[in-house]
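Note: hydrogens, waters and symmetry copies are ignored here, and every other heavy atom, side chains too, is used. Since the structure is predicted, the reported quantities are computational estimates derived from the model, not experimental observations. Proteins get letters first, then strands, A, B, ... in listed order; numbering begins at 1 in each.
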Amino acid sequence: MLDSWLEQKISDSVNDLLKEKGSAQSSRELLPKGVRIEFPKKNGFGDLASPVAMHLAGPLKMAPRTIAVELEKRLSLLKEISRVEVAGPGYLNITFSLDFLHECLNNLLDTARSPVSPVSSPKKILIEYVSANPTGPLHVGHGRGAAYGNSIARILKTLGHEVTSEYYINNAGNQMDLLARSTYLAWRGLQENLSEEERLKILPDGSSYQGSYVTDIAKEILENPSLLSDEERRLALAGMEHSSRFLGRFSEIAEDRIMQGIRRDLIRFGIEFDRYFSEKNLHAPDPADGKSLIDKCLGEISEFSRSSKTAGEEGIPDLFEEEGALWLRTSLLGDDKDRVLRKGDGNLTYYAADIAYHREKIAQGHDLYIDVWGADHHGYILRMQAAMKTLNALKGTRAELKVALIQLVNLLRDGKPVGMSKRSGDFVTLSDVLDEVGVDATRFLYLTRSHESSLDFDLDLAKSKSMDNPVYYVQYAHARVANLLKQAEIRGIKVPEKWTPAHLSPLVGDDEKALILLLDRFDLVVSECGSMMEVHPLTDYLTELAGQFHRYYFHNRILSPESGGEPLILARLALSSAVGRIIRFGLSLLGVSAPESM
RNA sequence: GCGCCUGUAGCUCAAUCGGAUAGAGCAACAGCCUUCUAAGCUGUAGGUCACUGGUUCGAUUCCAGUCAGGCGCACCA
């Protein structure tokens, strides 16, 4: 809040200066990116600093230091600022008055106000994440996408956006067929010794899903007679000749059980979706006209391609038929080649379904669509962006699509990578990791790095309850604050219902000032997370805040100061509880608990 | 071959969409518990920001090229 306040004041001063110079221009015109405010890393450069005089030097044709001195004259008149210094090539180093800092801290203590200010123009956002195929339990890679997507959603919501979250269930296509066959194979295997020949009939290319969950589902089907009809069971036992009559049932049951497991893992991980969207719904024919949503979508694009003058040019891909297939001209947007929607054999591609899915998204009228994908899908981004252009053009919408790619997770134990092969079934599931290290550490550690960097997830570190482990470091700071307030109560210290700046006036130490400045920055950190679509600035910030508080706590006897009496005790308690509040709030955005004691 | 991500201290990573002397945490070394939680704190040491050019008042940041690692390049999903 201090930064936006200062930005405004400097902007005013610049306008004032321009007016005096007889210029018709405004600060906004000369500084399209706004007045830059920096947080000096080192002491001695003021509380906040701005290089704005350097930025203005070019357009105004004046020396940066001359501009800085002019701005200094105006800024130093403000009672909120105790000192302005022109330094280096033309920096403005600003030091705030203590009264003003106390006022800011008082705002942070006011539980009626959110410590995060809302964005000026809230958007309607749909975020799709996880969307793991229902062919097996969530693994550690999915977990990272889940933690990221969920925290971004929480952050955007806190910033005042209207956020809906969605999970796309890829339950149509070959991999579901393979799952059904794998389950069927396991089910047969439980009842008889299958010949190699029979196995090959069930799984012609030999590969299958082999995790223990497949056997579990097969066992359940075997032990619960009501899952299959007598007819289905009879045909299934007879072999693959009538597979079309029973494989669908195996597929349904397997998908249902796996999705149940996925939902259970997600809830345990602190994640609930507003909606699950099933790919099957896109393929199902509408009883009214016999057409599926995909048919309708392709029909619309096809009609648009014929009738619209812009289709096929100006970066708006159109639809065309060639070599017996149906294509979208994605090469218009720099794709290596055009992409197939309906194959020569008449079957639809995954891409076609995904376009229809995004058409359904657009129909809901959001401003921004966020898709969170694994990094291995990056080749798909251009294609999807191309389809969005076409959809926007034909729908007359301006929906924006942002894709966040989540890089790989390397799971380490004893410093060595843990193998994760889905085929052999020995991969580590999210659930295993949660059993071993818990939800809090898992979520926090997933979010300590930019999603664009691959992440080493050290199981031993995650488990360790020591200072190496940032999540304990941060949570411990919160527990310390809670304990201080409890101790104060035990000692009969009465904490006021509502704090006022007068309560805070004893806070004059350098470390106290620094803590207030750091607390004040929280607002900006969260808003940056939102605009950059990154979560790790928040985990970094919380670690820094916790560290600064631990140091403060160590060096200052909060409940029994050397001197200063009750007013100082109260003031320090106020500062501590502000720290507690911000840590609690920040952890909640990460989906991590803030314990009262540890 | 083409595309995307990454290259910063011994290790894992930051660096506020071009700014001041590039910062943390581990690990190493030297210290601090009669106290509101030592799950903590203090100090020392550690760097050719992969390399080479370019853009400008200024580059770890932007551009081009080179090298290295990861991932992806289907009428699969």
- Query: Quick one: A:F549 CZ to B:A39 P, roughly how many Å, whole number?
  - Reply: 15 Å
- Item | N or O in side chain of A:K343 less than 4.0 angstrom from B:C76 OP1/OP2 | yes
- So, is A:S453 near the phosphate of B:A14, with a side-chain N or O under 4.0 Å from OP1 or OP2? yes
- Query: Does the ring of A:F554 lie flat against the base of B:G40, closer than 5.5 Å centre to centre with planes under 30°?
  - Reply: no
- State whether the side chain of A:D520 and the backbone N or O of A:L2 hold a donor-acceptor pair below 3.5 Å, judged by distance alone. yes
- Message: Say we look at B:A22 and B:A59: how far apart would their P atoms be, to the nearest angstrom?
- Response: 13 Å
- When we call it a touch if two heavy atoms are under 4.0 Å apart, what does A:K486 touch: a base, just sugar-phosphate, or nothing? nothing
- Would A:E528 and A:Y541 count as having a side-chain donor-acceptor pair, cut-off 3.5 Å? no
- Is any side-chain N or O of A:Q175 under 3.5 Å from a base N or O of B:C76, one able to act as donor and the other as acceptor? no
- Considering heavy-atom distances to RNA chain B, does A:S454 or A:E322 have its closest nucleotide positioned more toward the 5' end? A:S454
- Item | Candidate nucleotides B:C36, B:A77, B:C17, ranked by approach to the side chain of A:R36 - the nearest | B:C17
- Nearest listed nucleotide, side chain of A:Y380, among B:A77, B:C75, B:C71: B:A77
- Task: Measure the distance from CE on A:M598 to C1' on B:A38 and round it to the nearest whole Å.
- Result: 14 Å
- Message: Could you tell me how far B:G23 sits from B:U44 if I compare only their P atoms? Round to whole Å.
- Response: 14 Å
- Kindly determine whether A:D523 and A:S117 satisfy side chain to side chain donor-acceptor pair (under 3.5 Å), including the steps that lead there. CA-CA 7 Å; A:D523 190 16; A:S117 10; 2.4 Å; yes
- Is A:A49 touching bases, backbone alone, or none of the nucleic acid, heavy atoms closer than 4.0 Å? base
- Message: Taking only the C1' atom of each, what is the distance from B:A28 to B:G46 in whole angstrom?
- Response: 10 Å
- Answer yes or no: is there a side-chain heavy-atom contact under 4.5 Å between A:S278 and A:N281? yes
- Message: Counting the atoms with a prime plus P, OP1 and OP2 as sugar-phosphate, which does A:S597 contact under 4.0 Å by heavy atoms, base, sugar-phosphate, or nothing?
- Response: base
- How would you label the contact of A:G344 with the nucleic acid (heavy atoms, under 4.0 Å): base, sugar-phosphate, or nothing? base
- Reckon A:D354 touches a base, only the sugar-phosphate, or nothing at all at heavy-atom distances under 4.0 Å? nothing
- Are A:L31 and A:H55 side-chain neighbours, meaning at least one heavy-atom pair lies under 4.5 Å? yes
- Determine, for A:F549 and A:R480, whether the Lys NZ or Arg CZ falls below 6.0 Å from the six-membered ring centre while staying within 45 degrees of the axis. no
- Gap between atoms OH and C1', on A:Y553 and B:C33 respectively (whole Å): 12 Å
- Query: Given the side-chain rings of A:Y167 and A:F277, with only the six-membered ring counted for Trp, is the space between their centroids under 6.0 Å?
  - Reply: no
- Item | Closest to side chain of A:F39, choosing from B:C71, B:U12, B:U16 | B:U16
- Message: Counting only side-chain heavy atoms from C-beta out, which of B:G40, B:C13, B:A77 sits nearest to A:D456?
- Response: B:C13
- Query: How about A:E534 and A:H451: does a side-chain donor come under 3.5 Å of a side-chain acceptor?
  - Reply: yes
- Message: Expressed as a whole number of angstroms, how long is the span from A:L326:CG to B:A74:P?
- Response: 19 Å
- State whether A:H536 places a side-chain N or O below 4.0 Å from either non-bridging phosphate oxygen (OP1 or OP2) of B:U12. no
- Message: Does A:E255 form a salt bridge (charged side-chain N to carboxylate O under 4.0 Å, His left out) with A:K280? I'd like the steps, not just the answer.
- Response: CA-CA 12 Å; A:E255 179 193 335; A:K280 276 185 188 160; 3.2 Å; yes
- Note on the structure: Closest to the side chain of A:Y350, out of B:A74, B:C36, B:A77, is B:A77
- Could you check whether A:N170 gets within reach of a base, just the sugar-phosphate, or nothing at all, counting any heavy atom under 4.0 Å? nothing
- Any A:V372 side-chain heavy atom under 4.5 Å of A:I406 side chain: yes
- Heavy atoms under 4.0 Å, any strand shown: does A:H55 hit a base, just sugar-phosphate, or nothing? base
- Query: With respect to the side chain of A:N174, which nucleotide from B:U6, B:A77, B:U16 is positioned closest?
  - Reply: B:A77
- Item | Dot-bracket notation for RNA chain B, counting Watson-Crick and G-U pairs under 3.5 Å, with | for partners on another strand | (((((((..((((.....[...)))).(((((.......))))).....(((((..]....))))))))))))....
- Which nucleotide in the set B:U6, B:A38, B:U16 lies at the smallest distance from any side-chain heavy atom of A:R480? B:A38
- Item | Any donor-acceptor N/O pair under 3.5 Å between B:A20 base and A:N93 side chain | yes
- Which part of the nucleic acid, if any, lies within reach of A:R342 when heavy atoms closer than 4.0 Å are counted: base, sugar-phosphate only, or nothing? nothing
- Item | Phosphate OP1/OP2 of B:G18: any A:K33 side-chain N/O under 4.0 Å | yes
- Message: Categorize A:E323 for me: base, sugar-phosphate, or nothing, with a 4.0 angstrom heavy-atom threshold over every strand shown.
- Response: base
- Message: Measuring from the side chain of A:D376 (C-beta onward, heavy atoms only), which nucleotide among B:C71, B:C5, B:C13 has the closest atom?
- Response: B:C71
- Pi-cation contact, A:F250 with A:R181 (under 6.0 Å, within 45°): no
- What's the CD-C1' distance between A:E596 and B:C36, to the nearest Å? 16 Å
- Task: Please state how far atom CD in A:Q548 lies from atom P in B:G23, giving the value in whole angstrom units.
- Result: 16 Å
- Query: With rounding to whole Å, what would you report as the distance between B:G47 and B:A15 at their C1' atoms?
  - Reply: 14 Å
- Expected label for B:C33 (glycosidic angle, syn inside 90° of 0, else anti) would be syn
- Expressed in whole Å, how much space separates the P atoms belonging to B:G7 and B:C26? 23 Å
- Query: Which listed nucleotide (B:C75, B:C41, B:C2) is nearest to the side chain of A:Y473?
  - Reply: B:C41
- Check every strand shown and say whether A:A479 touches a base, only sugar-phosphate, or nothing at a heavy-atom separation below 4.0 Å. base
- Query: How long is the line joining CD of A:E534 and C1' of B:A15, in whole Å?
  - Reply: 13 Å
- Item | A:E38 CD to B:U61 P, straight-line distance once rounded to whole Å | 17 Å
- Message: Counting only side-chain heavy atoms from C-beta out, which of B:A14, B:A20, B:G70 sits nearest to A:L408?
- Response: B:G70
